[in-house]
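See below for the structure under consideration.
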Amino acid sequence: MEFGNLTALSHVSARVEDGEFISIVGPSGCGKTTLLRIVAGLERATEGSARLNGKQITGTGFERGYVFQADNLLPWRTVLGNVLIGIEIRDGSRSRDEIAKALELIRMVGLEGFEGYYPRQLSGGMRQRANIARALAINPEILLMDEPFSALDAQTREVMQLELNRIWQHGKKTVLFVTHQIDEAVFLSDRIIVLARRPGRIREVLDIDLPRPRDLTTKRRPESVDYVDRIWRLIEREVLDSIEEEKANPDKH
Amino acid sequence: MFLAVPSQIVEAAVKLWAAGVLQRHIIVSFSEFIIGYVIAIAIGLPIGLLLAVSPRFRAILSPWVDGLYATPVIAIAPLVILWFGIGIWSKVFVVVSVVIFPVIINTEAGIRSTPHNYVEAIRCFGASRVQVFLKVMIPSALPFIFAGMRLGIGRGLIGVVVGELFGSRAGLGRLIAESAETFNMPNLFVGVLLLAAAGILLTSAFHALERRIVHWT
């Protein structure tokens, strides 16, 4: 997959290999989310192109699953109903087989027993699990995740990172993961794309050479800490700038 | 003097019932209400949906909806009697004309206030416009639509009575009008209280239905 010249993003070009876990980090306003939305087909690049398996991305598609930052499970559907929505849209109906698969996925994300619950009955962490299951239900080749854990408290977030790591090990999908949290990116990724802002462009691409499988002890390893420091130094100046700007025009953010 | 104590009202109700008069009034008023109510929803719902999804339709129809909404149909009730006669259809028309507006307005508002993040959630699966409409906009608008229909109940009951006051052979409005002319306060209050009871009963029954269908709110 490649990214060409993009709005708010210029000369962002990177290839993502099959089965890789790639994170995109950068200061606010570097176009992380825009990049992901272009890959998803929710937005269009004004110039350049995004390609999946060599084919130009022109719209949304079933080979890409999107996990949103906002909790946007449909409140009138149960967990199972929400997980099945992608299938219903693709096939117009849901077969017994698909329901069994969806239940299996719900078990896999750790929501067994909550299939019949409505979103309002679930905690934030559980809703994000359901969100992940919904994106996985269409069996996408690539999972696009836009700060999926940013609304969660620190502890739930930690647990969800472990869970995502486990789910990824299980299915070995290609994942494109946008986050603000550098340690989260280091913990989860094979590679990290560090973006710079104004205009959004690639500052550096780092290979994260930490052994797998990873667990919480991975985060405390000196190599992990070094990666985090290195990435922080790359974006520190710009993060401070963006905070200054936000102070100057609070309405724009 | 121009009041009635509860015992007189009950007595009057029993008498009217025994004479078979009360049943007739209730049946006539209820039929006028139900027929008008169902027609108002059958017409109002699709109009509301069209207004929400088609800017062109909205440009053409919006001024009409706003204008007719502000028109006091009740004030032209005598005219309606002339058009549709003294039977039930004049009252049905009055009911339709008062119930249809909350239905149209709430349906349109409901569809148009669909949260964008729900739409996006299914658009990323490649949902078509029709699928977005059916799977997200309609369910998301249901609480609004039901609220509109619920508002219509009270308005419809008033419509029935006012229509009947201007010209009718039977109905609770007729009963009230006749009783008022003869200063028969107990009979008048039988009509008034029955209408109030109908309002409470229909609205709470509707509430129960609403809670079952839009249980997620």
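Numbered from 1 within each chain, the chains take letters A, B, ... in sequence-line order. The model shown is predicted, which means the values in this text are computed figures rather than measured ones.
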Quiz item: Which atoms of B:S128 come close to chain A, meaning under 4.5 Å heavy atom to heavy atom: side chain ones, backbone ones, both, or neither?
Solution: neither

Practice problem: Tell me, with the steps shown, if B:E120 and B:N117 meet side-chain hydrogen bond (donor to acceptor under 3.5 Å, both in side chains). | Solution: CA-CA 5 Å; B:E120 207 149 66; B:N117 58 340; over 6 Å; no

Quiz item: Any residues in residues 98-122 of chain A near chain B, with a heavy-atom distance under 4.5 Å, and which are they?
Solution: A:Y118, A:R120

Quiz item: So what's closer than 4.5 Å to chain A heavy atoms on B:V136: side chain, backbone, both or neither?
Solution: both

Practice problem: Using a strict 4.0 Å threshold on nitrogen-to-oxygen distance, state whether A:R94 and A:E88 make a salt bridge. | Solution: yes

Quiz item: What residues, two or more places apart in sequence or in another chain, satisfy side-chain hydrogen bond (donor to acceptor under 3.5 Å, both in side chains) together with B:S168?
Solution: none

Quiz item: Where does A:L42 contact chain B at under 4.5 Å (heavy atoms): side chain, backbone, both or neither?
Solution: both

Self-check item: Check: B:S29 and B:R174 side chains under 4.5 Å, non-hydrogen atoms
Solution: no

Quiz prompt | Pairwise side-chain contact, A:T78 with B:W216, heavy-atom cut-off 4.5 Å (strictly under) | solution = no

Exercise. Name all pairs fulfilling the side chain to side chain donor-acceptor pair (under 3.5 Å) condition that reach into residues 192-213 of chain B, sequence neighbours left out, sorted by first residue then second.
Key: B:R150-B:E210

Exercise. Heavy-atom distances under 4.5 Å only: say whether A:R37 touches chain B with side chain, backbone, both or neither.
Key: side chain

Quiz item: What pairs with A:D91 under side-chain hydrogen bond (donor to acceptor under 3.5 Å, both in side chains), at least two apart in sequence or on another chain?
Solution: none

